[in-house]
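Worksheet: one structure, shown below.
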Amino acid sequence: MWSSLSGRTVIVTGSSRGIGRGIALRFGAEGCQVLAVSRQRDDAEKVAAEITAAGGIAKAIAADVTRREDMQAMAQAARDAFGRIDILCANAGIFPAATLDTMTESDFDAVIDTNLKGTFLAVSACIADMKRQRSGRIILTSSITGPVTGFPGWSHYGASKAGQLGFMRTAAIELAPHGITVNAVLPGNIATEGLAGLGSDYVRKMEASVPMGRLGSVADIAHAALFFASDEAAYVTGQSLVVDGGQILPESLAALES
Ligand code: NAP
């Protein structure tokens with residue numbers, strides 16, 4: 001029923017661990033040629049090596065999504081290695097917590113720079129290739145936090161993640177005539193190294209707030225990204241897909257307890 005993605009090329013930012021690693025491994029398993037990207041070269045190379053060891057094709061590059069020249073080097077690395085850029089997963093993100101009474105200007109700037117400006121810079125670096133090919137898929141990793149929900153400590157994060165969706169809607173209109181779609185996955189709480197860093201108490205409370213009773217897996221998010229990359233999703237653009245085990249549904253604690 002589903003067309004194969006085998007042979008497509010995909011860049012995944014923030015793919016040395018967590019959700020990005022899950023996306024990279026899954027696209028690799030589908031036969032895509034994967035460029036793994038993170039600031040730490042060794043970590044990105046380990047993911048590329050995992051894909052290669054499983055019979056896939058992958059390269060790695062160290063690049064910081066907040067730096068325009070790094071994003072241009074990333075796109076060039078994909079051109080050099082694979083000859084084209086079919087799919088961009090703009091996934092790199094950070095989520096340091098700070099409530100408004102403690103948040104500094106540099107806290108705010110760091111989150112917006114990575115999550116929102118980083119999305120813009122990654123997309124900007126890849127669209128000339130996609131336009132020339134008259135096809136391309138851009139998949140953003142946003143969040144339920146910001147677009148749908150709020151959580152104390154994450155006003156800057158929520159703004160960055162909601163901002164990605166505002167960016168997406170206009171980008172989708174601008175790029176549609178060129179055969180390029182732009183969509184976003186909105187994960188709930190996904191079991192990643194980054195999430196584990198928020199502490200076991202946070203993780204336990206989050207599990208209890210999800211109707212399905214578990215955190216999401218990185219594969220849950222990778223499957224949504226695969227859908228947006230598929231030929232079958234060719235007519236879907238500017239849309240967001242919540243993947244959260246029902247986390248945003250309960251209107252109160254009573255809804256979960258009953
Ligand atoms: P993670 O485990 O902390 O991994 C983050 C990845 O991004 C790493 O590969 C990291 O590698 C890379 N990265 C961070 N800053 C970067 C930069 N400036 N340039 C390039 N790469 C950078 O995070 P995660 O939980 O997988 O989250 C991934 C994405 O999903 C983020 O956008 C996050 O907001 C979103 N998300 C996560 C959850 C969740 O529950 N986990 C929920 C909703 C949304 P380096 O440090 O080596 O650069």
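First listed ligand is number 1; within each ligand, the first listed atom is number 1. Residue numbers run from 1 in the order of the sequence given.
Using a non-hydrogen distance threshold of 4.0 Å, A63 registers as a contact of ligand 1. Ligand 1 lies out of reach of A191, whose nearest heavy atom is not under 4.0 Å from it. Heavy atoms of D64 come nearer than 4.0 angstrom to ligand 1 in at least one pair. Distances shorter than 4.0 angstrom occur between a heavy atom of K161 and an atom of ligand 1. In this structure, N189 is part of the shell of residues with a heavy atom less than 4.0 angstrom from ligand 1. Within the 4.0 Å heavy-atom shell around ligand 1 one does not find G118. Judged by the shortest distance from any of its heavy atoms, S142 lies inside the 4.0 Å radius around the atoms of ligand 1.
Applying the 4.0 Å criterion to heavy atoms of S16 picks out, from ligand 1, the atoms 8 (C), 9 (O), 10 (C), 11 (O), 47 (O). The distance from ligand 1 to the heavy atoms of Q40 drops below 4.0 Å at these ligand atoms: 47 (O). Close approach to L195 involves these atoms of ligand 1, each under 4.0 Å from a residue heavy atom: 40 (O). For ligand 1, the atoms sitting less than 4.0 Å from at least one non-hydrogen atom of T192 are 2 (O), 24 (P), 25 (O), 26 (O), 41 (N), numbered in the order shown with element in parentheses.
When the options I19, V65, T114 are ranked by their closest heavy atom to atom 19 (N) of ligand 1, first place goes to V65. Of the candidates A92, A62, S143, G22, A92 brings a heavy atom nearest to atom 21 (N) of ligand 1. The residue from N91, L198, D70, L140 that puts a heavy atom closest to atom 32 (O) of ligand 1 is N91. When the heavy atoms of R67, M206, Q164, R39 are ranked by distance to atom 46 (O) of ligand 1, first place goes to R39.
Any N or O atom pair closer than 3.5 Å counts here, and G14 shares at least one such pair with ligand 1. On a distance-only criterion, N115 and ligand 1 share no N/O pair closer than 3.5 Å. At least one N/O-N/O distance between I190 and ligand 1 falls below 3.5 Å. In terms of N/O distances under 3.5 Å, ligand 1 is approached by Y157.
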- side-chain contact (heavy atoms from CB on, under 4.5 Å) assessment of I190 paired with L215: CA-CA 5 Å; I190 308 302; L215 299 187; over 6 Å; no
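A salt bridge is absent between D109 and K117: the closest approach of a Lys/Arg side-chain nitrogen to an acidic carboxylate oxygen does not fall below 4.0 angstrom. R204 and D201 are joined by a salt bridge, as a carboxylate oxygen and a charged side-chain nitrogen come within less than 4.0 angstrom of each other. Taking 4.0 Å as the cut-off between side-chain N and carboxylate O, D86 and R137 do not count as a salt-bridged pair. We find that E193 and R21 are not joined by a salt bridge, their nearest charged nitrogen and carboxylate oxygen being 4.0 Å or further apart. With salt bridges taken as basic N to acidic carboxylate O contacts below 4.0 Å, one links E30 and R26. Using a cut-off of 4.0 Å between Lys/Arg side-chain N and Asp/Glu carboxylate O, D220 and R214 are scored as salt-bridged.
The number of heavy-atom neighbours closer than 6.0 Å to CD of E251, taken from other residues, nucleotides and ligands shown, is 12 or below.
Expressed to the nearest 0.5 Å, how far CG of N189 lies from OG of S209 amounts to 6.5 Å. Between atom CG of residue N115 and atom OH of residue Y157 there is a gap of 6.5 Å, rounded to the nearest 0.5 Å.
Hydrophobic clustering of Ile, Leu, Val, Met, Phe, Trp and Tyr side chains at less than 4.5 Å, counting indirect connections, keeps I94 apart from F167.
For atom 30 (O) of ligand 1, the closest heavy atom belonging to the protein is T141 CG2, 3.2 Å. In terms of protein heavy-atom proximity, atom 1 (P) of ligand 1 is nearest to R17 NE, 3.7 Å.
A229 approaches L5 most closely through the heavy-atom pair O-CD2, 3.4 Å.
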